[in-house]
Amino acid sequence: QVQPLESGGGLVQAGGSLRLSCAASGRTITRYTMGWFRQAPGKEREFVAAIRWSGGSTYYADSVKGRFTISRDNAKNTVYLQMTRLKPEDTAVYYCAADRIPMRTIIVVGTYEYDYWGQGTQVTVSS
């Protein structure tokens, strides 16, 4: 079982940057596509970005494309989300999760496709 632990959140001004980390314990994440999701107050959890288990492919929500970069270091069992040009609408709790199917050939974006959720890290962007 993969147990993600997110860190790196905080308060930042609009236009600033943050780097989130997701350190996974338990099972290695090498065979799992990993995703970042976020949930703002009063809203449903939404897909942000994902990186395929092989590390060769990534996929982003339109709202973050060109501003956020997902990466992974399988040797450290860690996934990262570099966030730049942050906007107030990026304010949310950010979660890391592992695809429920190991070595899936495609990247999926539905929350129901992911298991092993972390506790989340708060990102607040002030205007």
Same cluster for Ile51 and Leu20 if Ile/Leu/Val/Met/Phe/Trp/Tyr side chains link at under 4.5 Å? yes
Shared ILVMFWY cluster between Val2 and Tyr95, side chains joined below 4.5 angstrom? no
Please indicate whether [X] has more than 12 foreign heavy atoms, meaning atoms of other residues, nucleotides or ligands, lying under 6.0 Å from its [atom1].
X: Gln119; atom1: CD; answer: no
X: Arg104; atom1: CZ; answer: yes
X: Lys43; atom1: NZ; answer: no

Is there side-chain contact between [X] and [Y], with at least one heavy-atom pair below 4.5 Å?
X: Thr28; Y: Asn74; result: no
X: Tyr80; Y: Arg72; result: no
X: Met34; Y: Cys96; result: yes
X: Tyr116; Y: Gln3; result: no
X: Thr84; Y: Phe68; result: no
X: Trp36; Y: Ile70; result: yes
X: Ile29; Y: Val79; result: yes
X: Arg45; Y: Trp117; result: yes

Qualifying disulfide (SG to SG under 2.5 Å) pairs, either residue in residues 25-60, two or more places apart: none
Heavy-atom donor-acceptor pair, [X] side chain to [Y] backbone, under 3.5 Å:
X: Thr121; Y: Glu6; result: no
X: Tyr94; Y: Leu81; result: no
X: Tyr59; Y: Ile106; result: no
X: Thr91; Y: Val125; result: yes
X: Arg85; Y: Ala14; result: no
X: Thr78; Y: Lys76; result: yes

Dump the intermediate steps for side-chain contact (heavy atoms from CB on, under 4.5 Å) on Tyr32 and Ile101, then the final yes or no. CA-CA 7 Å; Tyr32 294 89; Ile101 298 178; over 6 Å; no
Among Val93, Val64, Val123, find the residue that satisfies the side chain to side chain contact (heavy atoms under 4.5 Å, CB included) test when tested with Arg38. Val64
Check [X] against [Y] and note the closest heavy-atom contact, atom names and distance.
X: Tyr114; Y: Val108; value: OH-O, 2.6 Å
X: Ser57; Y: Ile107; value: O-CD1, 3.6 Å
X: Ala97; Y: Asp115; value: CB-O, 3.8 Å

For Phe47 and Phe37, I'd like to know if the aromatic rings sit close, meaning centre-to-centre distance below 6.0 Å. yes
Step by step, would you call Gln82 with Ser17 a side-chain contact (heavy atoms from CB on, under 4.5 Å)? CA-CA 8 Å; Gln82 179 68 49; Ser17 300; 4.1 Å; yes
With rounding to the nearest 0.5 Å, note down the distance linking [atom1] in [X] to [atom2] in [Y].
X: Ser127; Y: Gln13; atom1: OG; atom2: CD; answer: 9.5 Å
X: Arg52; Y: Thr33; atom1: CZ; atom2: OG1; answer: 6.5 Å
X: Thr111; Y: Gln39; atom1: OG1; atom2: CD; answer: 9.5 Å

Evaluation steps, side-chain contact (heavy atoms from CB on, under 4.5 Å), between Gln1 and Arg27: CA-CA 5 Å; Gln1 182 173 345; Arg27 189 173 296 179; 5.6 Å; no
What residues form a salt bridge (Lys or Arg N to Asp or Glu O under 4.0 Å) with Arg100, not counting sequence neighbours? Glu113
Charged N to carboxylate O under 4.0 angstrom, Asp90 versus Arg67? yes
